[in-house]
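A short write-up of the structure that comes next.
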Amino acid sequence: MDKATINPVIKVENICKSYKKIKAVNNVSFSVNKGEVFGLIGPDGAGKTSIIQILAGVLRAESGKAFVNDIDVTKNPEKVKALIGYMPQGLGLNLYDSLSIEENIEFFRGLRLIPDEVFEKNKKTLLEITRLTPFLQRQAKALSGGMRQKLALVCTLIHLPDVILLDEPTTGVDPLSRQDFWNIIHGLVSQRDVTVLLTTSYMDEAERCHRVALMHEGKILLQGKPEELGNLEEVFIEKVTDDRLKAEDLRLKRYSLDKKENLIISCNSVTKTFGKFKAVDSANLEVRQGEVLGLLGPNGAGKTTLIKMMCGLLEPTEGEIKIAGYDVKKEKSKVWGIIGYMSQKFSLYRDLTVRENMKLYAGLYSVKKNDFSGVVEMLGLRGFEDRLTKDLPLGIRQRVALACALLHEPPVLFLDEPTSGVDPVARRAFWKIIFELSRNKNVTVIVSTHYMDEAENCDRLCLMHRGRVIAEGSPEELKKKSEKISGSLIQVRSEKFMETYDLLTKNFKEISIYGSKIFIRSFEPEATQQKINETLKNAGITQFEISPTPIPLQEAFVDYIRESEK
């Protein structure tokens with residue numbers, strides 16, 4: 001940003017909010033300047049949503065003050081509603097499923113009483129930047145997660161407010177749609193000087209904000225510019241647990257893929273159709289014993305369908321799947337005896353205790369012994385055995401689900417988005433277990449995830465899009481290959497941010513914003529850096545930094561998706 005505004009657009013002072021005995025928001029203070037993207041970053045239950053709802057005038061604070069454009073929201077909650085755009089948490093939960101995209105937009109226009117001329121202009125602008133114009137007659141219920149969020153954003157912004165409050169706008173949205181969503185947000189900020197306050201549980205999204213506040217259990221742990229705070233996941237874990245073990249230390253070493261004889265899973269031209277829809281299209285995949293393979297892809301890419309076919313829960317329309325030499329289609333009972341499966345949806349019985357759930361699953365797997373001390377110890381569940389599952393924190397419940405999948409000591413383990421919504425400490429603990437299983441017990445792990453930092457943990461990644469496998473390789477290999485698709489990545493920082501961005505946008509095609517950084521892709525990085533240098537100096541901008549920077553996995557992911565659609 002060029003200069004911080006002296007009088008903040010959003011100001012929160014010592015806000016508190018409790019639900020019975022739980023202190024959801026505990027003496028929180030922060031401010032957001034005009035034209036700034038400010039992120040409240042933290043896991044589920046950190047207090048982020050409560051703060052957003054207080055600022056939106058839909059929730060009363062117990063104490064403290066909150067201001068939006070100098071209006072005290074704690075005293076005049078109704079007065080602020082005309083000035084803001086508020087998008088609640090959930091995939092388009094503010095939409096009407098039976099209405100089309102156009103009808104939803106018209107409905108929100110009526111709520112805001114927007115004059116015809118203003119409405120048509122705003123509608124045209126928002127549909128262009130969200131690229132929803134070709135789908136105006138499609139019903140909301142027929143939209144993908146990413147498209148629902150874009151429509152929800154259009155409806156939120158149809159009166160083009162100066163202040164936007166977004167609660168978990170990218171949760172459950174695939175990385176490609178997340179990239180689109182952030183481009184829309186930064187486009188609005190750069191073009192109209194809009195102020196944005198958003199919440200997210202994705203630590204890797206922090207670098208896209210100008211400033212962030214890291215939250216845990218109702219309190220702000222620290223706040224500032226992402227580049228000054230460092231790796232937020234590491235910082236969070238240190239603040240909460242004093243655990244300084246780095247993610248790199250967990251991996252020990254990349255799995256060796258040289259030994260062809262260790263093949264344990266093979267998918268040969270696997271296809272699954274539902275009516276005329278191809279959920280999986282001629283997928284070929286090989287996985288070695290002891291390998292951690294990550295399945296990545298947008299919503300609807302076919303990841304869960306492929307996992308269910310490998311587990312024998314769905315039958316392929318075409319093709320062959322073998323696990324440990326067994327044909328999944330013909331020898332299901334043998335396959336089920338050697339695999340563990342943890343589904344995307346929570347699969348435990350909430351009204352049973354941890355021990356009772358484990359006994360139930362032991363019976364399903366024909367495990368005769370009722371001594372679960374080994375798996376309880378390994379997964380850190382000691383002391384939780386007699387607690388009801390519904391009363392456990394989400395991270396602990398996920399470990400119980402994993403314990404149930406491991407009771408029969410399977411050599412192959414399938415995990416379908418196992419850490420969605422789990423805080424960084426619990427996620428780190430979960431991955432410690434995965435590495436323990438892989439490295440020390442030679443268990444093969446197939447995991448699907450939307451978290452890019454988790455994908456970095458995998459030995460090898462399989463990227464899927466529209467049912468097809470579009471890329472395979474280690475995270476390092478995929479990032480290196482993406483340079484051949486879109487070029488190297490150059491980072492530009494400048495005190496005159498908006499002036500710099502406007503200049504570079506006119507001179508370069510592949511450009512994006514990450515908070516206070518500008519990213520440019522180029523096949524001739526040295527010549528491009530020189531051109532950037534000359535462009536800025538000729539315009540009288542002297543305070544800036546240009547440097548090559550590693551390609552994030554998120555950028556590589558988007559490269560492969562776009563390349564596959566050509």
Side-chain angles (χ1 to χ4, degrees), residues 255 257 259-275 277-295 297 301-345 347-348 357-369 372 374-375 401-418 434 437-438 441-448 458-460 462 464 467-469 472:
Y255 183 84
L257 300 178
K259 297 182 179 179
K260 296 289 183 182
E261 66 271 17
N262 286 343
L263 183 68
I264 193 167
I265 299 174
S266 66
C267 298
N268 184 22
S269 300
V270 175
T271 297
K272 181 64 181 177
T273 58
F274 297 98
F277 175 67
K278 273 191 180 180
V280 177
D281 186 1
S282 302
N284 293 299
L285 185 65
E286 293 185 341
V287 190
R288 314 287 167 198
Q289 188 173 359
E291 183 180 7
V292 179
L293 177 81
L295 278 178
K303 306 183 298 296
T304 297
T305 302
L306 182 58
I307 285 177
K308 285 183 176 179
M309 285 193 288
M310 287 192 278
C311 291
L313 299 173
L314 281 176
E315 195 166 292
T317 307
E318 297 174 20
E320 181 186 65
I321 302 173
K322 287 190 175 181
I323 296 183
Y326 296 120
D327 188 312
V328 174
K329 188 175 181 179
K330 299 174 182 176
E331 301 171 284
K332 278 195 183 101
S333 60
K334 291 179 180 177
V335 169
W336 286 342
I338 60 171
I339 66 168
Y341 173 53
M342 184 175 160
S343 67
Q344 191 174 1
K345 303 290 184 183
S347 57
L348 299 177
N357 265 291
M358 293 175 77
K359 282 184 178 179
L360 175 65
Y361 274 83
L364 293 175
Y365 284 124
S366 300
V367 176
K368 294 180 180 179
K369 64 177 183 179
F372 309 126
V375 72
L402 179 59
C404 291
L406 291 172
L407 289 174
H408 57 306
E409 299 180 352
V412 180
L413 181 63
F414 293 94
L415 307 173
D416 195 4
E417 297 197 25
I434 290 175
L437 291 167
S438 167
K441 297 183 182 295
N442 214 22
V443 174
T444 303
V445 182
I446 294 89
V447 56
S448 70
C458 299
D459 299 310
R460 194 161 53 95
C462 171
M464 295 186 69
R468 292 183 292 114
V469 174
E472 283 185 74

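Every heavy atom of this structure was used, including side-chain atoms; hydrogens, water molecules and symmetry mates were not.
- A 4.5 Å side-chain heavy-atom check between Pro418 and Leu402 finds every atom pair outside the cut-off.
- Not a single donor-acceptor pair under 3.5 Å links the side chain of Ser438 to the backbone N or O of Glu291.
- Screening Ile338, Ile321, Ile339 against Tyr326 for a side-chain contact (heavy atoms from CB on, under 4.5 Å) leaves a single residue, Ile338.
- In this structure, the separation between OH on Tyr341 and CE on Met310 is 10.5 Å, given to the nearest 0.5 Å.
- Residue Leu293 forms a side-chain contact (heavy atoms from CB on, under 4.5 Å) with just one option from Ile265, Val445, Leu285, and that option is Leu285.
- The shortest heavy-atom contact between Ala405 and Leu413 is CB-CD1, 4.1 Å.
- For Lys308, the NZ atom sits in a loose shell: 12 or fewer heavy atoms of surrounding residues, nucleotides or ligands are nearer than 6.0 Å.
- If you check the side chains of Asp416 and Ser343, you find no donor sitting under 3.5 Å from an acceptor.
- Here Tyr361 contributes atom OH and Leu407 contributes atom CG; the two are 10.0 Å apart, rounded to the nearest 0.5 Å.
- More than 12 heavy atoms of other residues, nucleotides or ligands lie within 6.0 Å of CD in Glu320, so this atom counts as buried by the packing criterion.
- When atom types are taken as modelled, the side chain of Lys329 and the backbone of Pro316 share no donor-acceptor pair closer than 3.5 angstrom.
- Judged by distance alone, with hydrogens and angles left aside, the side-chain atoms of Trp336 form no donor-acceptor pair with the main-chain N or O of Tyr365 at under 3.5 Å.
- In this structure, the separation between OG1 on Thr273 and CD on Glu318 is 7.5 Å, given to the nearest 0.5 Å.
- Residues that satisfy the side-chain hydrogen bond (donor to acceptor under 3.5 Å, both in side chains) test with Glu472, not counting sequence neighbours, are Arg460.
- Other residues, nucleotides and ligands contribute at most 12 non-hydrogen atoms within 6.0 Å of the NZ atom of Lys359.
- Annotation: the span from Cys267 atom SG to Glu286 atom CD amounts to 9.5 Å, rounded to 0.5 Å.
- A distance of 9.0 Å separates CZ in Phe414 from OG1 in Thr444, rounded to the nearest 0.5 Å.
- Asn268 CG to Asn284 CG: the interatomic distance, rounded to the nearest 0.5 Å, is 5.5 Å.
- Contact of the Leu437 side chain with the Val292 side chain is not registered, since no non-hydrogen atoms from C-beta on lie closer than 4.5 Å.
- Two residues are said to be in side-chain contact when any heavy atoms from C-beta on lie closer than 4.5 Å; Pro411 and Gln289 fail this criterion.
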